[in-house]
Amino acid sequence: MDAVLAWYHEAARNLPWRQADRTPWGVLVSEIMLQQTPVVRVLPRWQDWMRRWPEPADLAAAPVAEVLRAWDRLGYPRRALRLHACAQAIVERFEGQVPSAPEELRSLPGIGEYTAAAVGAFAFGERTVVADTNIRRLLARAVSGRQQPAPSFTAAERALVASCVPHDRARSVRWNQATMELGALVCTSRTPHCDACPLAAHGCAYLAAGLPDQPEAKRRVQPFEGTDRQMRGMIMARLRADGAADRALLDALDTADPARVERCLTTLVADGLAVERDGLISLP
DNA sequence: GATGCGTGGCT
DNA sequence: TAGCCAAGCAT
């Protein structure tokens, strides 16, 4: 896999959370923001966020409403709540310092298997198995000859990824970073750019098989138009803009199905993304 | 293990 | 054009 490391040296994007002056907190914030969200959309939000809350203690002390406004349109605003709770837990349990041990990272709100491994590797230089969607897809193709990884992340696949990570600590960090980047930029989901891939000449099983289309392997995309998810987003956008809104105003968001608005308000309040007081809905 | 959870750009 | 897709997590 030397070819991938050499490729990364030449082609890596110059992202702020990869700079020499990066902090564990900055890396953690970037990883949360990047969950299911493209880099180009994260960049400006991350810059603002780090300027405002440069340490976990700064975010921990911020009002939730302000945190949700700063999250802006990144999507999945529950991530913002969890990041806020994560900062508070770091202050309370780790003296304000992001922990480096994967099991301690895993214990924090919003940090799952992937994010714990990524922070361990990219913030602390630990040897971890970073199995994100890019690495999974790249190995599914290069090693297993399949178009896409399986929908569920099985123990067998975890073992496969682990077997590919170099044993040397510093080298493992670069391999994780480089393989993820190659998946994100070259071995893309829809249209892989094999002409620009360093593995094309080093035995990619999927390319060798002739890039067969395997539609059965594709995961089904959840619908969005007309769903509660869309309505929740519309309500949150209104609350971010106006601070608060009365029920009648929100009901106008879907005159054909007022029950949909009510249902979404209930789940937003249950999620801690909104509060209701005297018929007025507002950010927490 | 299957679902629900935002948003916007790309093909 | 209408899907398809983007560094997942929690339940």
Measuring only the P atom in each nucleotide, how far is C:dA7 from B:dC5? A whole number of Å is fine. 22 Å
Mapping A:Leu108 and A:Gly183 onto DNA chain C by nearest heavy atom, which one lands closer to the 5' end? A:Gly183
Check whether any side-chain heavy atom of A:Met231 lies under 4.5 Å from a side-chain heavy atom of A:Arg263, and answer yes or no. no
Does a side chain donor of either A:Glu181 or A:Asn134 reach within less than 3.5 Å of an acceptor in the other side chain? no
Residues in contact with DNA chain C, drawn from residues 123-135 of chain A - heavy-atom cutoff 4.0 Å: A:Asp132, A:Thr133, A:Asn134
Provide the full list of salt bridge (Lys or Arg N to Asp or Glu O under 4.0 Å) pairs with a residue in residues 118-140 of chain A, sequence neighbours left out, each pair given once. A:Glu126-A:Arg169, A:Arg136-A:Glu157
What are the residues of residues 9-18 of chain A, sorted by number, that bring a heavy atom to within less than 4.0 Å of DNA chain C? A:Arg13, A:Leu15, A:Trp17, A:Arg18
Residue pair A:Asn176 / A:Ile135, side-chain heavy-atom distance below 4.5 Å: yes
Every protein N/O lying under 3.5 Å from an N/O of nucleotides 6-9 of chain B:
residue	atom	partner	partner atom	Å
B:dG6	OP1	A:Pro77	N	3.4
B:dG6	OP2	A:Arg232	NE	2.4
B:dG6	OP2	A:Arg232	NH2	3.3
B:dG6	O4'	A:Tyr76	N	2.9
B:dG6	N7	A:Tyr76	OH	3.3
B:dG6	N7	A:Arg229	NH1	2.9
B:dG6	O6	A:Tyr76	OH	3.2
B:dG6	N1	A:Gln36	O	3.2
B:dG6	N2	A:Gln36	O	3.3
B:dG6	N2	A:Thr37	OG1	3.1
B:dG6	N2	A:Leu74	O	3.1
B:dT7	OP2	A:Gly233	O	3.4
B:dT7	O2	A:Arg41	NH1	2.5
B:dT7	O2	A:Arg41	NH2	3.4
B:dG8	OP1	A:Arg73	NH1	2.9
B:dG8	OP2	A:Arg73	NH1	3.0
B:dG8	O4'	A:Arg41	NH2	3.2

Residues from residues 45-57 of chain A lying under 4.0 Å of DNA chain B - heavy atoms: none
Sorted by chain and residue number, the side chain to side chain contact (heavy atoms under 4.5 Å, CB included) partners of A:Leu81 (sequence neighbours excluded) come out as A:Val64, A:Leu68, A:Leu273
Solution key, residues 88-101 of chain A side-chain donor-acceptor pairs under 3.5 Å, sequence neighbours excluded:
residue	atom	partner	partner atom	Å
A:Gln88	NE2	A:Ala60	O	3.2
A:Arg93	NH2	A:Ser107	OG	2.7

Taking C:dT11 as the reference, what is the distance to B:dG6 when you measure between their P atoms (whole Å, please)? 14 Å
Checking side chain to side chain donor-acceptor pair (under 3.5 Å) between A:Ser189 and each of A:Gln148, A:Lys218, A:Gln147, which is the one that passes? A:Gln148
Identify whether any heavy atom of A:Thr267 sits under 4.0 Å from a base atom; if not, whether one sits that close to sugar-phosphate; answer base, sugar-phosphate or nothing. nothing
Residue set satisfying ring pair (Phe, Tyr, Trp, His ring centres under 6.0 Å) with A:Trp25, at least two apart, ordered chain then number -> none
Taking atom types as modelled, is there a side-chain donor on A:Gln35 or A:Tyr114 under 3.5 Å from an acceptor on the other? no
Which side-chain hydrogen bond (donor to acceptor under 3.5 Å, both in side chains) pairs, counting each pair once, include a residue from residues 56-69 of chain A, with sequence neighbours left out? A:Arg52-A:Glu66
Taking the side chain as C-beta and beyond, is there a heavy-atom pair between A:Arg146 and A:Tyr206 under 4.5 Å? no
The ring pair (Phe, Tyr, Trp, His ring centres under 6.0 Å) partners of A:Trp46 (sequence neighbours excluded) come to A:Trp17
Applying side chain to side chain donor-acceptor pair (under 3.5 Å) to A:Arg106 and not counting sequence neighbours gives none
Closest approach of A:Val165 and A:Trp175, non-hydrogen atoms and distance? CG2-CZ3, 3.8 Å
With heavy atoms under 4.0 Å as the rule, sort A:Gln222 into base, sugar-phosphate or nothing. base
Carboxylate-amine/guanidinium contact A:Asp2 A:Arg171, below 4.0 Å: yes
Ignoring hydrogens and geometry beyond distance, is a side-chain donor-acceptor pair present between A:Arg79 and A:Thr37 at under 3.5 Å? yes
When the C1' atoms of B:dG1 and C:dG8 are compared, how many Å lie between them, rounded to an integer? 16 Å
Assign each of A:Thr227 and A:Ser152 to its nearest nucleotide of DNA chain B by heavy atoms, then name whichever residue's nucleotide is nearer the 5' end. A:Ser152
Outermost nucleotides of DNA chain C that come under 4.0 Å of a non-hydrogen atom of chain A: C:dG3 to C:dA10
